[in-house]
Amino acid sequence: MKALLSIIYLDYLKRIRSYSFLVTLCLSTAIAASFIPQPEASYSTVNVGGYTGFYNAAWIGTVTALMTSIFLSMFGFYLINGAIKTDRESGVGQIIASTPVGNFQYLFSKVLSNFLILFTIVLAVFAMSIMLFFFYDAGYPLDIGQFIKPYLLITIPALFFISVLAVVFEVLFKQYGVIQNIGFFFLFIALSSTAILDTTIVNFDIFNGKIASDQIIAAAEQAGSVPENSGLNIGFSLNQGQKGKKFLFEGTSFTNGFIISRLILVLISIIGVVLITPLFQRFRQSHIGRKKENKKASLETDSISGMRLESLSVPETDFGIMPILKTEFLLLVRSGKKWLWLLNLTGVVLLAILPLSIAHQFVLPILWFLQVGRISQLSSKEQAHKVHYFTWFSFKAMYRITCTQIIAALILMISLAVPLLLRYAFQLNLAAVGMVCLGAFTVVTFAFVLGILTKGKKLFEVLFFLVTYINVNGMSAFDYFGAMDHNNVHWYILIVMIIALMTIGLFKRYREIYA
Amino acid sequence: MKLEIQKVTKQYSKSKYGVKDLSLTLENGVFGLLGPNGAGKSTLLKMIATVSKPNDGVIYLNKNNMIKDPNYARKTIGFLPQDFGVYPNLNAFEFLRYIAAMKGVAGHKLETRIAQLIEGLNLMAVAKQHIGSYSGGMKQRVGIAQALLNDPKLIIFDEPTVGLDPDERVGFRHLVAELASEAIVILSSHIVSDIATISDQVGIMKDGQLLAKGEQHEIVKSTTGKVFEIEIDKDFLPALKESHIVINVTHQSEKLKVRYISDHPLEGSKLQEANLEDAYLHITKK
């Protein structure tokens, strides 16, 4: 038991000491501050027919817990998955495999360290929610129980489930990170749009906390003036939080049935770990696979033969970027499994045949998101593969690497959008063509800059997932590819953001190469 | 080719130096760099390879300041870092073409040169396979090939023999000997025998400083007359280690045969011929 706790603690320590975790923690806390809008804000996060609750402990506690449950479940998966892969790639897995630690113990330790990562973020958000309570000071007493209960019963079990899901995906799909990322995207949409089991006794809506939602609606209806059949709107909605349209929400009464259902969720999650344990190969399979290949590769390659240096051809000098661009593009294309190109092809066909609005708003962002595994290491792959000694310190590396990486990724993203671009071009809708191209450039900029800033791929993957999910759900504020109507200010903000981000990224890269 | 390193210092913190006030001049030939872990060998090699900049001092290559204008040197440097990687989903041809492009090497002769390097380093049979499937030794050979792509005149090998088996090491030594006729070859290694067989000149580093530099026989001369061998009881070994530099211990039934360095040998000791390993231990453990 002591050994298990040590593994969990040290794994947790290793992961929170990364720069990307620090960035994510700060970002989460900043986002948490927006969960409870200022009284004069023109948006709301949770409302019933435009009505929001007075800012008492029950409202702030429940709203932040609900929002955390949804948002952290969404991007938390991308933050925590890859724990087993890291052990495999660093070689630590081989060491662990030779210790007495059992497979279930190991997998469960990964679940718990995943959970601790998410729990750390929950703690930061929880602290922020209490600070917001004091900041807005609506004259209600601080009832700490109203803060803790929704977090404990709604958020924590959902995040435990996500922690298990990350490990299950890793065991089932092993090193196929792309499948994990895309698979979760669709699974999350499916799970969050339907409650698995919803009866009067128990319900298994994993992320939303339906019990709290129902009681918020009831409280709003009781206060009167709320239009009939007004559902609960969760998520950032513009012009929904209208000043003065308030009702009193006194907290969620959690039934025994609900509590039991959450305990069952945790239990089912643990059973899930037990069930996948026999499938965990304890770092053997990939090792054996590599050895087989090595054996094949070792044939007739015993030694360095007598090479006559004077007979070597002396090549010409050429500092053009085309050969580098070709390889950068090749690296993007080859990243991920070959069959994923079938999905890409399907997406491209759908872009050509579906109604223009659907193709633009739904197919394009999902098709681009399918490339997340390819472009997330756009600017950090040199360090990840330790190739930067060869590339960064070559002739005029800054200009040549930066140009080729950005152009290669742009070619990939724009190539995938060609059917859509052609359809708009035939309609002479050049503004739409420009916006799709701007969208491609936005994604590439974020991938490039976040890779440089965090020296990894996690933050980009998390943000790309969030933005894609939000766009598919039709929230126009995050539309970066022109699928919805906007005034010019929206595009100016986007362009300024791209320029600012690119400047920061290039400056950091310049410092890395030349400092 | 002439490389001049003048009073170079690399400081990591107020009290921690990677390299301290180091000066060195090298011309064509092989310069072997020895030193314990943390001595500053890799730090020095990275500065010569223009990968990192010194806090103080200057490095000239043919009178050109490599710190102010690294691009001049980068055209003519071949560098094999100690801890390098490869893109696992490229094959050897593709990877070498990529590195060649980064080095600004092109033209119709490039393909021939890549093929010659692959052939010469015995990688042809696997050259079309992804490098991810290669063994450690094969990857090391790909690393050696990339260092030679641009017909370099300043070649820096940091721990090049790591991962190579004895046959490969022999092949590598022959290669270095050939390279040295037209280039400056600097190589660091923990394996003293590699340095001893290849190097024309040897440098010994410790704590960021160059403790000794010269031809092998000059370095060894400082230890000549100080290497001894003695047979002792097992119980006496700890005391011997306390007062002398013990190089080697061999078990012989009830006794131990110990090779050691000392200015004041024990009674019954036999004088031995000193070699580079003895000199290295003598200098670094003083």
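Chain letters run A, B, ... following the sequence lines, proteins first and then strands; every chain starts at 1.
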Could you look at [X] and say if it's the side chain, the backbone, both or neither that has a heavy atom under 4.5 Å from chain A?
| X | result |
| --- | --- |
| B:Ile99 | side chain |
| B:Leu149 | backbone |
| B:Val86 | backbone |
| B:Asn71 | both |
| B:Lys103 | backbone |

Can you find a heavy atom in the side chain of B:Lys153 that is under 4.5 Å from one in the side chain of B:Asn62?
no
Can you establish whether the number of heavy atoms outside A:Lys508 located under 6.0 Å from its atom NZ is more than 12?
yes
Taking atom NZ of B:Lys7 as the centre, does the number of heavy atoms from other residues, nucleotides or ligands within less than 6.0 Å exceed 12?
no
Examine A:Phe460 together with A:Phe446 and report whether their ring centres are nearer than 6.0 Å.
no
Non-neighbouring partners of A:Tyr78 that pass ring pair (Phe, Tyr, Trp, His ring centres under 6.0 Å), sequence neighbours left out:
A:Phe184, A:Phe465
Quiz question: by atom type and distance under 3.5 Å, do the side chains of A:Thr404 and A:Glu328 form a donor-acceptor pair?
no
Hey, are A:Gln180 and A:Asn81 close enough side-chain-wise for a donor-acceptor pair under 3.5 Å?
yes
Members of residues 181-201 of chain B whose heavy atoms come closer than 4.5 Å to chain A
none
Just give me the residue among B:Gly137, B:Pro88, B:Pro166 that pairs up with chain A most often, heavy atom to heavy atom, under 4.5 Å.
B:Pro88
In terms of heavy-atom pairs under 4.5 Å with chain A, the winner among B:Asn89, B:Leu110, B:Asp151 is B:Asn89
B:Thr43: partners by side-chain hydrogen bond (donor to acceptor under 3.5 Å, both in side chains), with sequence neighbours left out
B:Tyr12
Taking ring-ring contact (aromatic ring centres under 6.0 Å, His included) as the cut-off, I'd like each qualifying pair that reaches into residues 45-89 of chain B, sequence neighbours left out, listed once.
A:His385-B:Tyr87, A:Phe390-B:Phe84, B:Tyr87-B:Tyr98
